[in-house]
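Contents: one structure, followed by commentary.
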Amino acid sequence: MAVDTLVESPQSALSGVARVLVHAGKLSAKAAEDLARSAKERRSSFVSAVIAAGAVQPSDLAHTLSMSLALPLLDLSAVDLTRLPRGIVDPKLALQYQLMVLGKRGNRLFIAAADPTDQEAVERIKFATQLSPEWVIVEYDKLMRTLEAQSTDVNQAMETLASGDFDFDVTDEDSASAENAEVSQEVEDAPVVRFLQKMLIDAINARASDLHFEPYEYNYRVRFRVDGELREITQPPIAIKEKLASRIKVISRMDIAERRVPQDGRLKLKFGNKAIDFRISTLPTLFGEKIVIRILDPSSAKLGIEALGYEKVERERLMHVIQRPYGMVLVTGPTGSGKTVSLYTCLNILNQPGVNICTVEDPAEINLPGVNQVNVNDKAGLTFAAALKSFLRQDPDIIMVGEIRDLETADIAIKAAQTGHMVMSTLHTNDAPTTLTRLLNMGVAPFNIAASVLLITAQRLARRLCENCKAQADYPREALLRAGYAETDLDGSWKPYRAVGCSACNNGYKGRVGLYQVMPITEAIQRIILAEGTSMDIATQAQKDGVRDLRLSGLVKVRAGATTLEEVISVTNE
């Protein structure tokens with residue numbers, strides 16, 4: 001007997017399940033009508049009324065429906081519920097229509113239910129998932145116990161994760177945006193809101209630079225990047241992934257209906273007496289949207305040059321060059337090595353009432369009062385090169401380019417540096433000498449590089465030892481020599497330290513310290529550039545000029561007790 005036949009038959013006012021039970025001799029027509037009337041009055045399902053009245057046992061009902069409707073029968077007690085996919089159907093919808101998702105294959109969604117004849121449930125599932133339901137019969141009592149347990153587990157888990165006292169508010173501007181957005185009540189789900197607030201506060205207190213919300217097939221995890229390392233913080237219920245994504249999108253003014261393409265947004269929230277900026281990025285993955293939130297602390301750009309970790313000679317070289325009226329200063333290093341903070345620190349030093357500073361970034365991470373900041377917008381045609389051309393008509397003294405990515409941008413930046421402007425920018429190269437060959441490979445003429453580039457700084461961030469728990473280490477002399485120390489350095493006047501770990505730090509480390517290779521472009525290096533020499537030639541000459549490479553810079557920090565030998569080898573092992 002087909003499900004469609006039962007549902008669409010106009011012969012009887014009874015539901016599909018009622019007619020199956022009457023046809024199978026499990027109920028009389030009179031009893032079925034009475035139960036159907038009772039279910040309607042109580043606004044419950046016919047199946048729940050049958051089970052509550054004890055008219056048919058749950059196992060008997062499941063077997064009868066399976067035989068009559070030619071649908072598979074499943075014993076839920078034999079299923080590992082932790083392996084079932086979560087988040088495909090909203091838990092409230094599943095509880096309302098008394099069904100459970102078992103799995104997905106192609107465009108088919110396999111659903112466990114005690115009443116597969118509920119046409120309203122069919123349409124709601126199709127609409128919500130854009131998938132075709134395939135029904136599997138399960139016993140009503142086992143299904144309800146599982147659904148209620150899952151619902152309780154989610155609520156309890158969220159309340160537990162979001163417990164705690166904190167003061168955290170959306171700023172007025174963002175609050176108005178959130179209030180005006182037409183979003184469902186589910187987006188404003190209190191446990192989800194409190195959970196997100198708690199994660200943001202915990203991240204700020206842990207000095208995290210990024211938060212990662214990552215959905216997988218069977219679990220959902222939250223990780224913080226602290227001192228450059230990702231650490232798993234918690235695994236909230238997977239059922240919250242869509243509500244959490246929607247909440248983040250609402251307060252960061254993204255399109256909550258768009259889940260197929262990446263989106264970017266910004267957010268400013270009050271934390272105590274100060275406002276913290278966040279940059280949000282969403283990415284569609286196989287099992288939902290991964291969201292990364294970067295914490296942008298404006299105070300990091302105002303620390304001062306001394307706080308960044310430059311040694312005295314390196315700091316003097318940098319300060320001497322940025323005070324020049326024109327030329328180019330380049331900062332290089334991988335993503336997350338602190339290039340932007342270094343540039344912002346220099347801009348803060350140069351930011352005086354009589355100076356016009358313009359920056360173009362992708363995007364501007366920290367707001368600098370008194371600096372004209374522009375965001376790249378490739379869709380609108382506002383590229384680095386287009387912004388640079390416009391800057392040159394804006395009477396600038398200092399120009400900061402977020403990154404030199406192509407020949408056009410490099411050419412305009414170099415022309416600006418040659419026509420009376422100080423230009424600062426970044427490149428993604430491993431060290432200072434290879435930056436010059438990278439510009440040559442882009443197609444920049446050697447004489448332009450030699451005439452415009454004044455100084456290149458390569459940098460890395462190494463984890464700083466915790467002052468509370470660090471202890472002296474006893475490394476073999478051979479290991480110190482292999483790391484790069486000279487025999488004269490090992491005179492016994494100092495001892496390296498190792499990480500220990502305590503309640504105040506993260507495995508023996510707290511904060512980070514910069515390792516720098518500050519290379520001025522001397523006349524000797526200019527001659528090598530004009531002769532189109534290799535990066536090795538430039539590195540050899542820089543060493544003669546007294547420039548420390550990144551490894552030697554790190555070894556100085558080890559000698560000073562700021563970090564460990566293992567950490568320096570790890571971040572400079574190239």
Side-chain angles (χ1 to χ4, degrees), residues 310-334 337 339 342-343 346 388 392 398-401 403-460 484 486 515-556 572 574:
Y310 285 94
E311 296 296 322
K312 185 173 184 294
V313 64
E314 295 167 345
R315 183 169 66 248
E316 289 174 352
R317 285 173 183 164
L318 180 61
M319 293 302 296
H320 172 71
V321 168
I322 65 172
Q323 301 291 347
R324 298 269 291 272
Y326 59 87
M328 179 180 282
V329 173
L330 297 173
V331 181
T332 76
S337 60
K339 299 188 297 296
S342 293
L343 283 175
C346 292
L388 269 174
L392 295 178
I398 299 166
I399 296 172
M400 196 269 270
V401 186
E403 184 183 352
I404 293 179
R405 297 176 178 172
D406 51 49
L407 177 59
E408 184 183 11
T409 306
D411 272 341
I412 300 170
I414 282 174
K415 285 173 184 173
Q418 292 172 337
T419 54
H421 308 92
M422 171 56 69
V423 180
M424 299 181 182
S425 188
T426 70
L427 268 88
H428 286 279
T429 55
N430 290 331
D431 59 12
T434 55
T435 304
L436 295 168
T437 54
R438 171 73 186 279
L439 289 172
L440 287 170
N441 292 338
M442 275 187 182
V444 181
F447 62 86
N448 277 334
I449 298 173
S452 57
V453 179
L454 302 177
L455 178 139
I456 301 173
T457 296
Q459 64 184 67
R460 298 289 186 278
L515 313 181
Y516 301 95
Q517 179 186 26
V518 181
M519 187 179 80
I521 306 303
T522 60
E523 289 185 7
I525 292 178
Q526 286 178 334
R527 286 194 291 271
I528 295 172
I529 296 169
L530 291 170
E532 298 190 31
T534 66
S535 59
M536 292 181 67
D537 297 331
I538 296 170
T540 302
Q541 182 58 48
Q543 191 174 8
K544 292 177 183 177
D545 294 337
V547 175
R548 292 194 195 100
D549 63 19
L550 289 166
R551 172 62 65 84
L552 290 177
S553 178
L555 295 180
V556 170
T572 62
E574 296 166 352

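Predicted model only: the values in this text are computed from it and were never measured.
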[atom1]/[X] to [atom2]/[Y] distance, rounded to the nearest 0.5 angstrom?
{"X": "Gln541", "Y": "Ile529", "atom1": "CD", "atom2": "CD1", "result": "11.0 Å"}
{"X": "Arg460", "Y": "Asn430", "atom1": "CZ", "atom2": "CG", "result": "6.0 Å"}
{"X": "Ile414", "Y": "Thr409", "atom1": "CD1", "atom2": "OG1", "result": "11.0 Å"}
{"X": "Arg405", "Y": "His428", "atom1": "CZ", "atom2": "NE2", "result": "7.5 Å"}
{"X": "Ile399", "Y": "Met328", "atom1": "CD1", "atom2": "CE", "result": "9.5 Å"}
{"X": "Leu515", "Y": "Leu552", "atom1": "CG", "atom2": "CG", "result": "11.0 Å"}

Expected output: side-chain [X] to main-chain [Y] donor-acceptor under 3.5 Å:
{"X": "Thr434", "Y": "Thr429", "result": "no"}
{"X": "Gln517", "Y": "Leu550", "result": "no"}
{"X": "Lys339", "Y": "Ser425", "result": "no"}
{"X": "Ser553", "Y": "Tyr516", "result": "yes"}

Quick one, [X] and [Y] - any side-chain contact, counting heavy atoms below 4.5 Å?
{"X": "Val331", "Y": "Met424", "value": "no"}
{"X": "Val329", "Y": "Met422", "value": "yes"}
{"X": "Leu427", "Y": "Leu439", "value": "yes"}

What heavy-atom pair brings [X] and [Y] nearest, and what distance separates the two atoms?
{"X": "Ala432", "Y": "Thr332", "value": "N-OG1, 4.5 Å"}
{"X": "Ala416", "Y": "His421", "value": "O-ND1, 3.0 Å"}
{"X": "Ser452", "Y": "Ala417", "value": "CB-CB, 4.1 Å"}
{"X": "Pro520", "Y": "Val547", "value": "CD-CG2, 4.0 Å"}
{"X": "Gly443", "Y": "Leu407", "value": "C-CD1, 3.6 Å"}
{"X": "Met519", "Y": "Ala542", "value": "SD-CB, 3.7 Å"}

Q: Go through the steps for Gln543 and Asp549 under the test side-chain contact (heavy atoms from CB on, under 4.5 Å), then give the verdict.
A: CA-CA 8 Å; Gln543 191 174 8; Asp549 63 19; over 6 Å; no
Q) Is there a side-chain contact (heavy atoms from CB on, under 4.5 Å) between Ile404 and Leu330 once you walk through the steps? A) CA-CA 10 Å; Ile404 293 179; Leu330 297 173; 4.1 Å; yes
Q | Under the side-chain contact (heavy atoms from CB on, under 4.5 Å) test, residues paired with Thr522 that sit two or more places apart | A |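 Residues passing side-chain contact (heavy atoms from CB on, under 4.5 Å) with Thr522: Ala524, Ile525, Asp545.
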Q.
Taking side-chain contact (heavy atoms from CB on, under 4.5 Å) as the definition, give me every residue that meets it alongside Ile412, ordered by chain and number, with sequence neighbours left out.
A. Ala385, Leu388, Lys389, Leu392, Glu408
Q) If you measure only the distance, is there a donor-acceptor pair under 3.5 Å linking the side chains of Ser535 and Thr437? A) no
Q) How about Asp537 and Thr540: does a side-chain donor come under 3.5 Å of a side-chain acceptor? A) no
Q. Just one of Val423, Val321, Ile322 clears the side chain to side chain contact (heavy atoms under 4.5 Å, CB included) bar with Leu454, so which one?
A. Val321
Q.
side-chain contact (heavy atoms from CB on, under 4.5 Å), that's the test. Do Ile456 and Ile521 meet it? Break it down for me.
A. CA-CA 8 Å; Ile456 301 173; Ile521 306 303; 4.3 Å; yes
Q: Kindly state each residue pair satisfying salt bridge (Lys or Arg N to Asp or Glu O under 4.0 Å) with at least one member in residues 314-331, sequence neighbours excluded.
A: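 Only Lys312-Glu316, Glu314-Arg548 qualify under salt bridge (Lys or Arg N to Asp or Glu O under 4.0 Å).
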